[in-house]
Amino acid sequence: MVRAQLLYEISGNGCAAKSYLLATNKLMDITFLDSIPDVFTAWGRCNKVITEFAVEDYEAISALRQAAVLPDSMRLSDYYSADEYKAINEALVLSLDLGLDKLCRMKPAYLTELYRTELCRQWLGYDDKRSLETFFCQIAQEKGMPIYPLDETGEALYILFDREPFHFQCEELKNCIEYPEREVRLEREIKAMYRAGRLNDIAYEISAPDNLATLSYSDYQVYCQRNITWVKRLKGHLKDGHCFITLNAIYLGGEKGLIAALRQAGYRVRGIKLS
């Protein structure tokens with residue numbers, strides 16, 4: 001059986017030692033790691049972890065909660081008709097057991113992500129406590145291994161809650177509530193592509209013109225631009241080597257994905273079998 005290529009070795013361009021890049025998917029259970037050849041061998045050769053955003057940082061969590069709250073001058077009810085507001089409230093109560101009486105002070109982007117996460121939990125078996133996406137960061141934290149985020153806290157919060165204009169956030173929340181099947185279908189397709197190691201196909205699926213889910217072309221454009229910044233921030237870490245980089249697969253594939261950006265910067269990035 002041909003196994004999916006999800007683990008990569010990074011070398012060259014002045015690196016003192018090799019580093020490793022693992023593509024992850026939040027919907028995959030940690031038991032899937034057993035089917036990724038040599039991932040634990042690569043992990044054992046590293047002395048630091050690099051990821052998108054260090055959610056284990058309590059200060060970052062506090063900042064995230066504050067950034068998700070609307071300014072006092074804004075009210076969600078001002079941006080929806082009475083029927084739209086009612087439909088959003090009913091969907092949130094049905095899925096989260098929380099309505100807009102409790103959540104009306106939260107930004108639409110936060111509510112959209114909250115609702116999408118619950119869709120993944122209900123329809124695709126998502127379990128945040130057993131997610132492959134966060135496994136190595138959790139282990140590193142337990143072992144006292146340093147974890148370095150590629151995004152600064154302010155940047156991450158901006159991308160999450162403020163990158164899109166407020167009216168666009170409101171529209172995305174309404175569409176997500178009205179067409180939940182789009183969200184489930186896209187996440188299911190990404191999961192299947194991930195299992196097969198089709199990282200390029202994931203990038204094309206997200207950026208496709210016919211993709212009407214909330215994770216779409218505009219997000220892909222942000223990822224492409226951010227990859228350039230990430231390569232610059234990885235430079236010092238990669239020079240020292242022994243990095244274990246764990247990132248969601250949606251950032252890695254395609255012509256402007258992180259793997260392509262690393263290669264363009266002069267690094268050798270190749271799928272590996274260490275054993």
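We're numbering straight along the sequence, starting at 1.
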Could you tell me if the side chain of N13 sits less than 4.5 Å from the side chain of L262, heavy atoms only? no
Please confirm whether the backbone N or O of L7 pairs with a side-chain atom of Q5, one donor and one acceptor, at under 3.5 Å? yes
Taking S131 for the side chain and D127 for the main chain, is one N or O donor matched with an acceptor at less than 3.5 Å? no
Taking Y179 as the starting point, is it possible to reach L212 by hopping between hydrophobic residues whose side chains are less than 4.5 Å apart? no
L238 side, atom CG; K18 side, atom NZ - distance, nearest 0.5 Å: 14.0 Å
Do side-chain atoms of R263 reach the backbone of V269 as a donor and acceptor pair under 3.5 angstrom? yes
Check whether F32 and I139 end up in the same hydrophobic cluster, where Ile, Leu, Val, Met, Phe, Trp and Tyr are linked by side-chain heavy atoms less than 4.5 Å apart. yes
Given side chains that start at C-beta, do those of L215 and L186 come closer than 4.5 Å, heavy atoms only? yes
Take V39 and L22 through the test side chain to side chain contact (heavy atoms under 4.5 Å, CB included) and record every step on the way to the result. CA-CA 8 Å; V39 66; L22 175 67; 4.1 Å; yes
Find out whether P71 and M74 are in side-chain contact, i.e. whether some heavy atom of one side chain is under 4.5 Å from a heavy atom of the other. yes
Does the side chain of K232 come within less than 4.5 Å of T229's, by heavy atoms? no
Output, in order, the C-alpha distance, side-chain angles, deciding distance and verdict of side chain to side chain contact (heavy atoms under 4.5 Å, CB included) for R268 and I10. CA-CA 6 Å; R268 183 185 184 193; I10 305 173; over 6 Å; no
Among the clusters formed by ILVMFWY side chains lying less than 4.5 Å apart, do Y158 and L64 turn up in the same one? no
Could you check whether any side-chain N or O of N25 sits under 3.5 Å from a backbone N or O of L132, counting only pairs where one atom can act as donor and the other as acceptor? no
Is the CZ atom of R121 crowded by more than 12 outside heavy atoms at less than 6.0 Å? yes
Please report whether the ring centroid of Y220 lies less than 6.0 Å from that of Y204. no
Could you list the residues that satisfy ring-ring contact (aromatic ring centres under 6.0 Å, His included) with Y79, not counting sequence neighbours? F166
Distance check, rounded to the nearest 0.5 Å: S216 atom OG versus N211 atom CG? 6.0 Å
Under a 4.0 Å threshold between the charged nitrogen and the carboxylate oxygen, would E189 count as salt-bridged to R195? no
Answer yes or no: is there a side-chain heavy-atom contact under 4.5 Å between D219 and V222? no
Output the distance between atom OG1 (T214) and atom CG (L173), rounded to the nearest 0.5 Å. 10.0 Å
Does any non-hydrogen side-chain atom of C224 lie less than 4.5 Å from one of E255? no
Does Q225, at its CD atom, have more than 12 non-hydrogen atoms belonging to other residues, nucleotides or ligands within less than 6.0 Å? no
Is the closest side-chain donor-acceptor distance between E118 and Q122 under 3.5 Å? yes
Might you point out which heavy atoms bring K26 and C120 nearest each other, and give the distance in Å? CE-SG, 4.3 Å
Donor on one side chain, acceptor on other, N248 and E133, under 3.5 Å: yes
CG of L150 to CD1 of I245: how many Å apart, nearest 0.5 Å? 7.5 Å
Does a side-chain heavy-atom distance below 4.5 Å link L70 with M106? no
Nearest heavy-atom pair of T112 and E172: which atoms, and what distance? OG1-C, 4.2 Å
State whether the side chain of Q169 and the backbone N or O of F161 hold a donor-acceptor pair below 3.5 Å, judged by distance alone. yes
Mind listing the closest non-hydrogen atom pair of A16 and D240 along with its distance? CB-O, 4.0 Å
Here the gap from C15 atom SG to L234 atom CG, rounded to the nearest 0.5 Å, amounts to 10.0 Å
Say whether I206 and I159 are linked into one hydrophobic cluster, either directly or through other cluster members, by side-chain heavy-atom distances under 4.5 angstrom. no
Short question: side chain of E113, backbone of Y110 - any donor-acceptor pair under 3.5 Å? no
So if I apply the ring-ring contact (aromatic ring centres under 6.0 Å, His included) rule between F244 and each of F136, Y8, Y148, Y20, which one comes out positive? F136
Side-chain donor-acceptor pairs of residues 86-102 under 3.5 Å, sequence neighbours excluded:
{"residue": "N89", "atom": "OD1", "partner": "L100", "partner atom": "N", "Å": "2.7"}
{"residue": "S95", "atom": "OG", "partner": "A91", "partner atom": "O", "Å": "3.0"}

Hey, does the side chain of R105 reach the backbone of V69 with a donor-acceptor pair shorter than 3.5 angstrom? no
To the nearest 0.5 angstrom, please state how far the CZ atom of R116 sits from the CZ atom of R182. 13.0 Å
Cation-pi check, R226 to Y223: give yes when NZ or CZ is under 6.0 Å from the six-membered ring centre and within 45° of the ring axis, no otherwise. no
Main chain of T246, side chain of T51: is a donor-acceptor contact present, judged purely on distance under 3.5 Å? yes
My understanding is that only residues two or more places apart in sequence, or in another chain, count here; which of them pass ring-ring contact (aromatic ring centres under 6.0 Å, His included) with Y80? none
Among side-chain atoms of D29 and T31, is any donor-acceptor pair under 3.5 angstrom? yes
Quick check: closest heavy atoms across L6 and G197, and the distance to 0.1 Å? CD2-CA, 3.8 Å
Without swapping roles, check the side chain of D201 against the backbone of R198 for a donor-acceptor pair under 3.5 Å. no
Considering all heavy atoms of both residues, which atom of C176 and which atom of E183 are nearest to each other, and what is their separation? SG-CG, 3.7 Å
Would you say the side chains of H242 and K48 form a donor-acceptor pair under 3.5 Å? no
For the side chain of N200 and the backbone of G254, is there at least one donor-acceptor N/O pair under 3.5 Å apart? yes
Of the non-hydrogen atoms in S35 and P37, which two are nearest, and what is the gap between them? O-CD, 3.3 Å
Student check: side-chain heavy atoms of L76 and P108 closer than 4.5 Å: yes
Please check if L124 and L114 belong to a single hydrophobic cluster, counting links between Ile, Leu, Val, Met, Phe, Trp and Tyr side chain heavy atoms closer than 4.5 Å. yes
F40 and D34: CA distance, side-chain angles, deciding distance, side chain to side chain contact (heavy atoms under 4.5 Å, CB included) verdict: CA-CA 9 Å; F40 291 107; D34 293 334; 4.2 Å; yes
Greater than 12 external heavy atoms within 6.0 Å of Q264's CD: no
What verdict does the side chain to side chain donor-acceptor pair (under 3.5 Å) test give for Y126 and E187, after you've listed the backbone C-alpha separation in whole Å, the side-chain angles of each residue and the deciding distance to 0.1 Å? CA-CA 11 Å; Y126 172 59; E187 291 293 348; over 6 Å; no
CA sep, side-chain torsions, deciding dist, call: W230, E52, side chain to side chain contact (heavy atoms under 4.5 Å, CB included): CA-CA 9 Å; W230 279 3; E52 177 183 2; 3.9 Å; yes
